[in-house]
Protein chains: 2
Amino acid sequence: MSARVSYKHVKDHVLERIRSGQWRPGELIPKEQALADSFGCARMTVHRALRELAEAGLVERRRRSGTRVALQTSRNATLEIPRVDREIEATGAHYCYQRLSRRQVGADPMLRERLALTRRSRLLHVRCVHFAGATPFQFEERWINLEVVPEALEQSFKSVPPNIWLLEHKPWSRVEHVIRAANASAALAGHLDLAEGDAMLVIERRTWSEAQVITFVRQSHPGHFYTLRAGSG
Amino acid sequence: MSARVSYKHVKDHVLERIRSGQWRPGELIPKEQALADSFGCARMTVHRALRELAEAGLVERRRRSGTRVALQTSRNATLEIPRVDREIEATGAHYCYQRLSRRQVGADPMLRERLALTRRSRLLHVRCVHFAGATPFQFEERWINLEVVPEALEQSFKSVPPNIWLLEHKPWSRVEHVIRAANASAALAGHLDLAEGDAMLVIERRTWSEAQVITFVRQSHPGHFYTLRAGSG
DNA sequence: GAGTGGTCTAGACCACTTT
DNA sequence: AAGTGGTCTAGACCACTCA
């Protein structure tokens, strides 16, 4: 007669008991087997529900100790960072790209740190601007590690933006972002159609392939219309 | 004789084949049963490996169609937003808090939109500054929905910051962040020890309890030393 | 209608942690 | 040593989507 009990059902019920205050932060909740019995389902079903709640940071689990309601000191949100061209086209604007410069450089101390280089390496330095229609959307300054991606030397990046070429050419395994605000220098203001000193949202990103950094990039956006969005729940 | 095959083992092997280019972006990979056969494990084991890869955005799965290597157009990073006081204390600085104002207000159109209010509601408006030692770290302007948290009226927030009180008092289920850069107004510059026009990193956050917004807050940080970090992998 | 992923089961054993 | 979560199995049925 009764439908099978889904892990979502279990998850919702546990959530409800946490939100209603029936199970308070720090408190131990019943063990998997007990919950499975009370819901009339298999332990695996309860396990999956609790595992997802643990991944979301709502409960903390330990073998032998059991499962506790987490003390919500901080919680993680998911930040989506789309490809520039799609982001622009999603607004209905025409995507346009301009390469400013491309040259081989050595790694100065700043770059050696940013790219986690252990020795002197040759890098490809590319500067470009991404436009939404006629409006500058993002100024990009990028260094590509030629030890990891030597094929980049064969690319002029005049018509294919480096981000797209890299995405399609070199799969990555890990990424790190640093987000900050900065005032536009005279040079950047010129590229982004801003006044000197206008606020910009700056994203610095390092992309890894296994243990090596593929590329380090600094992307600057006009602060008055660009936003990042992150959510959780 | 052979050890059982773990889902992590399967996950690593699939990842390896993607990274090595053996399975290219957009390409269909073998179905779960075929992989299970080739690994000599149960289909559930393969399923879990592929599910996690799908959650990480590396593959895309559809019933009937099968599993494809994702075109990595965008990928999600996890943004950790800690509690201000802990964030400051983690740097070794002393955390200090000052309430600037607290008053009841009605919901103007801007607030009704931000707080997703369907009708006129009373809100508690609190302005405060968080310090790292003697240095202003964050200016906070917050509106609390008194329909959801009427008990907030009993709090003066003179010594207990509203974020901490809310965290401990009202569990939340969902959160949304908007991150942008802005130039400091004269008033904000004064509060944050900046010059007028200096870049600030601004985080706007809405926190939900079920279908209702608990609070809307705008947090402004000096741009020259505050950064957000996000990672994935 | 058929083929794929999505989920649930019932049982088993393993791994970690505390007693 | 014992108790809890973590995982794997083998099989089953369901749900979605495509032809």
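None of the values given here were measured: they were computed from a predicted structure. The sequence lines fix the lettering, A, B, ..., with proteins before strands; numbering per chain opens at 1.
- In this model, the phosphate group of dC8(D) is not approached by any side-chain N or O of Y7(B) to a distance below 4.0 Å at OP1 or OP2.
- Note on the helix from dG1(C)-dC18(D) to dT18(C)-dA1(D): angle between the axes of the first and last five pairs equals 20°, rounded to 10 degrees.
- Computed from coordinates, the R51(A) CZ to dC8(C) C1' distance equals 14 Å when rounded to whole Å.
- In terms of phosphate contacts, R48(A) brings a side-chain nitrogen or oxygen within less than 4.0 Å of OP1 or OP2 of dT7(C).
- If you find the closest nucleotide of DNA chain C to I29(B) and to M44(B), the one lying nearer the 5' end belongs to I29(B).
- Looking at R61(B) and E32(B), a side-chain N of the basic residue comes within less than 4.0 Å of a carboxylate O on the acidic one, giving a salt bridge.
- Minimum atom distance to the side chain of T45(B) is reached by dC8(D), of the listed dC8(D), dT9(C), dC8(C).
- Rounded to whole Å, the distance from CD on E52(A) to C1' on dT7(D) is 16 Å.
- A cation-pi arrangement, defined by a distance under 6.0 Å to the six-membered ring centre and an angle within 45 degrees of its axis, is present between R48(A) and Y7(A).
- When each of E176(A), R142(A), R114(A), R205(A) is paired with F216(A), the side-chain contact (heavy atoms from CB on, under 4.5 Å) condition holds for R114(A) and for no other.
- If you check every strand for non-hydrogen atoms under 4.0 Å, R43(A) touches a base.
- Listed pair S6(B) / dC8(D) meets the phosphate criterion, a side-chain N or O lying under 4.0 Å from OP1 or OP2.
- No donor-acceptor contact under 3.5 angstrom links the side chains of S209(A) and R19(B), judged on distance only.
- Heavy-atom neighbours of R17(A) CZ from other residues, nucleotides or ligands within 6.0 Å: above the threshold of 12.
- Ion pairing between a basic and an acidic side chain is recognised when a charged N comes within 4.0 Å of a carboxylate O; R68(B) and E60(B) show no such pairing.
- Proximity of H177(B) to E204(B): side-chain heavy atoms (C-beta onward) are nowhere separated by under 4.5 Å.
- Straight-line distance from the CD atom of E60(A) to the P atom of dT4(D): 19 Å, rounded to whole Å.
- Taking atom CG on L50(A) and atom C1' on dT4(D), their separation rounds to 12 Å, with Å as the unit.
- Distance check: R218(B) CZ to Q138(B) CD gives 12.5 Å after rounding to the nearest 0.5 Å.
- Screening L79(B), V202(B), I81(B) against I179(B) for a side-chain contact (heavy atoms from CB on, under 4.5 Å) leaves a single residue, L79(B).
- Residue H47(B) places no side-chain N or O under 4.0 Å from the OP1 or OP2 atom of dG5(C).
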Please tabulate the protein-to-nucleotide N/O contacts below 3.5 Å involving nucleotides 17-19 of chain D, giving atom names and distances.
residue, atom, partner, partner atom, Å
dC18(D), OP1, R62(B), NH1, 3.1

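- What separates CZ of R61(A) from P of dA15(C) is a distance of 18 Å, to the nearest Å.
- The interatomic distance linking D37(B) (CG) with dT9(D) (P) rounds to 12 Å, in whole Å.
- A salt bridge links E52(B) to K11(B): one of the charged nitrogens lies within less than 4.0 Å of a carboxylate oxygen.
- Rounded to whole Å, the distance from CD on Q33(A) to C1' on dT9(C) is 12 Å.
- Rounding to whole angstrom units, CZ of residue F39(A) and P of dC8(C) are separated by 13 Å.
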